[in-house]
Each structure stands twice: as structure tokens, then as C-alpha cells.
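Atom set for the values below is all heavy atoms of this structure, side chains included, hydrogens, waters and symmetry mates excluded. All ligand and atom numbering here is 1-based and tracks the order in the structure.
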Amino acid sequence: MEIIIKNNYSEISIEASGIVANQIKSKPNTVLGLATGSTPLGLYKELIRLHINEGLDFSKVISFNLDEYIGLSKDHPQSYNYFMYHNFFKKVNIPANNIHIPNGISVKQLEYCEQYESLIKNSGGIDLQILGIGRDGHIAFNEPSSSLSSRTRIKTLTQKTIKDNSRFFKNISDVPRFAITMGVGTIMEAKKIILLASGSSKAEPIAQSVEGPITSMHSASAIQLHPNTTIVVDRQASKELKEKKYYNWVYKNKNVIYNQSYN
Ligand code: GLP
């Protein structure tokens with residue numbers, strides 16, 4: 001795992017956007033795995049800026065979102081579908097047919113989950129998966145006790161997640177109890193993962209996931225088994241990492257190694 005510690009939210013957004021932009025430039029038909037939540041908003045803003053000012057081209061990009069609330073229609077302002085169009089898709093040139101977001105109101109949910117998995121597979125698999133992290137250490141909506149080999153399915157949200165996400169709803173009772181989510185196993189098949197975290201409320205889940213045991217109680221800890229993960233956190237979210245100094249040292253020496261090897 002590569003752990004990059006930046007000073008603040010703006011810096012993590014810029015760092016992550018550089019990774020995404022390089023990926024798209026080197027493979028224009030990149031399959032992106034996308035996340036919702038407040039954390040990737042700065043990354044999306046930066047990618048929009050690169051699209052407008054520097055011509056970053058999304059015309060061949062294919063996207064798969066991680067999750068969606070069950071029971072919210074696509075145009076519901078709190079749905080992840082609405083979030084993605086409003087904050088990103090409407091502002092870049094990704095074709096509508098290339099966008100995939102789980103459908104929270106599908107009738108045959110089990111079949112739908114299997115279809116979503118097939119769509120990912122048939123597109124060649126996810127090249128780059130963007131992740132946030134919940135306060136209980138979840139990725140997507142893989143709440144504690146999620147199998148680390150789980151696939152796309154319906155999950156019941158924890159009280160903690162419902163409370164955290166209630167900030168987007170009028171009343172806590174409006175927050176859906178269930179979500180359709182890619183599984184941990186689905187996410188782990190992405191060729192590269194970037195996990196973003198900002199703020200002190202993410203310090204504990206980040207430390208648990210990076211330096212703690214691999215456990216279904218923190219589904220993000222599964223990334224320790226992934227061969228190509230970059231974790232980009234700000235100073236506050238890195239507060240509880242024991243080996244912080246070493247990670248900074250590695251980052252500082254990164255270019256030295258590359259320059260020595262290739263020049
Ligand atoms: C939700 C999403 C996750 C996201 C998490 C954290 O639970 N399903 O994908 O990582 O929220 O969100 P935030 O970035 O707002 O803290």
C-alpha cells in the first residue's frame with residue numbers, strides 16, 4: 001500500500017485527481033469505479049476543472065458507481081444517482097450510456113445484483129476504483145460483518161451509518177435502511193484502488209484499516225490484500241497512523257527511486 005499524507009482536503013483532492021487524470025490519459029476507455037459521500041466531491045470538482053481548462057476527455061470512459069439507497073428513485077435529491085449527475089456527470093463529457101449506477105428501485109433485486117456484476121465483468125473490469133471510508137470502517141456500504149469476498153447485494157445499514165448520512169436528509173427517519181452495494185470482493189478485483197479520507201472523524205477507521213488486523217468488522221481493511229492501492233489522507237485523518245513518519249519518508253523518496261532506476 002502507498003500511503004500519501006497531504007496537508008488538507010484541497011491537497012488530497014488535487015493528488016487524487018492527478019492519479020485519475022493520468023489513468024484516463026494513458027487509457028482513454030478506462031473503467032472507473034466511483035464513490036459518493038462528501039469526500040470525493042473535491043476530486044470531482046478538480047476533474048471537472050481539468051476537463052474544462054485542460055481538455056481531459058471522458059468521452060470513452062465507462063463508470064460504475066459503488067452503491068445506491070434502496071427505495072430512492074433516480075431523481076430523488078438524496079439518491080446517489082442524483083448526486084453523481086449533479087456533482088459530476090453533467091459537467092464532463094462522459095456519455096450517458098457509459099454510466100452505471102445501481103438501481104435502488106429494481107423489482108427483481110437479486111437478479112439485478114447479478115446483472116450489475118456481469119456488466120462490470122463484460123466491460124473488462126474496473127481499472128481504477130475510488131473509495132471513501134465510513135466512520136465504522138466501511139467501503140461502499142459494506143457494513144461490519146460483510147464478507148470480505150462478498151459481491152453486489154443488498155445490505156442493511158448500521159445505526160451509525162444512518163446517523164452519519166442523516167445530515168443529507170430532513171429527518172433521520174427518511175434515511176433508507178437498506179442499500180444495494182458492490183461487495184468487498186467486487187471492489188478487490190479493481191486493478192487499482194485509491195482510498196480518500198479527510199478530517200479527524202476518519203482518523204480511527206483509517207488507522208484500523210491500514211495498520212489494524214484484516215477483519216470483516218472494518219471492510220476497508222481488505223485493501224491490505226490488494227496489490228495496488230493508494231491511500232490519500234489529510235493530516236487530520238492520518239492522526240492515528242503509527243507509522244506516519246515512515247509513510248512520509250517513502251513518499252519523499254518516491255521520485256528518487258524512480259529517477260535512480262530509470263535515468
Ligand atoms: C457512505 C457511502 C460510502 C462513503 C461514506 C463516507 O456510506 N456509501 O461510499 O465512503 O458514506 O462518506 P463521507 O465521504 O461523506 O464521509
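Ionic pairing of Arg135 and Asp164 is present here: one or more N-O contacts between side-chain nitrogen and carboxylate oxygen are shorter than 4.0 angstrom. Ion pairing of Glu143 with Lys155 is absent here, as no side-chain N (NZ or NE/NH1/NH2) approaches a carboxylate O to less than 4.0 Å. Ion pairing of Asp127 with Lys27 is present here, as a side-chain N (NZ or NE/NH1/NH2) and a carboxylate O approach within less than 4.0 Å. Of the charged side-chain nitrogens involved, at least one lies within less than 4.0 Å of a carboxylate oxygen, so that Arg151 and Glu189 count as a salt-bridged pair.
Between Phe168 and Tyr80, the ring center distance fails the sub-6.0 Å criterion. Here Tyr69 and Phe141 bring their ring centres to under 6.0 angstrom of each other.
Ring geometry for Phe88 versus Tyr44: interplanar angle under 30°, hence parallel rather than tilted (30 to 60°).
Counting protein heavy atoms only, atom 2 (C) of ligand 1 is closest to Tyr80 OH, 3.6 Å. The protein heavy atom nearest to atom 3 (C) of ligand 1 is Ala140 O, 3.5 Å. In terms of protein heavy-atom proximity, atom 12 (O) of ligand 1 is closest to Gly37 CA, 3.9 Å. If you check which protein heavy atom lies closest to atom 8 (N) of ligand 1, you get Asp67 OD2, 2.8 Å. Shortest contact from atom 16 (O) of ligand 1 to any protein heavy atom: Lys202 NZ, 2.5 Å. Among all non-hydrogen protein atoms, the one lying nearest atom 6 (C) of ligand 1 is Ile133 O, 3.5 Å. Nearest protein neighbour of atom 7 (O) of ligand 1, counting heavy atoms only, is His138 NE2, 2.8 Å.
Looking at heavy atoms from C-beta onward, Met182 lies in side-chain contact with Ile126 at the 4.5 angstrom threshold.
For a threshold of 3.5 Å applied to N or O pairs, the pair formed by Thr36 and ligand 1 contains no separation below that value. Where the criterion is an N or O separation shorter than 3.5 Å, residue side chain and backbone included, Thr39 meets it with respect to ligand 1.
Contacts between Ala35 and ligand 1, counted as non-hydrogen atom pairs separated by less than 4.0 Å, are absent for every part of the residue. Neither the backbone nor the side chain of Lys160 comes within 4.0 Å of ligand 1, counting heavy atoms alone.
Of the candidates Arg167, Glu68, Arg135, the one placing a heavy atom closest to atom 15 (O) of ligand 1 is Arg167.
Atoms of ligand 1 found under 4.0 Å from any heavy atom of Asn165, numbered from 1 in the order shown, are 1 (C), 7 (O). Contact atoms of ligand 1 toward Gly132: 10 (O) (distance under 4.0 Å to a heavy atom of the residue). Short contacts between ligand 1 and Phe141, defined as distances under 4.0 Å to a heavy atom of the residue, involve ligand atoms 1 (C), 7 (O), 8 (N).
Checking Ser173 against Asn171 by side-chain atom types alone, no donor-acceptor pair falls below 3.5 Å. Looking only at atom types and distance, the side chain of Asp234 has no donor-acceptor partner in the side chain of Asn7 under 3.5 Å away.
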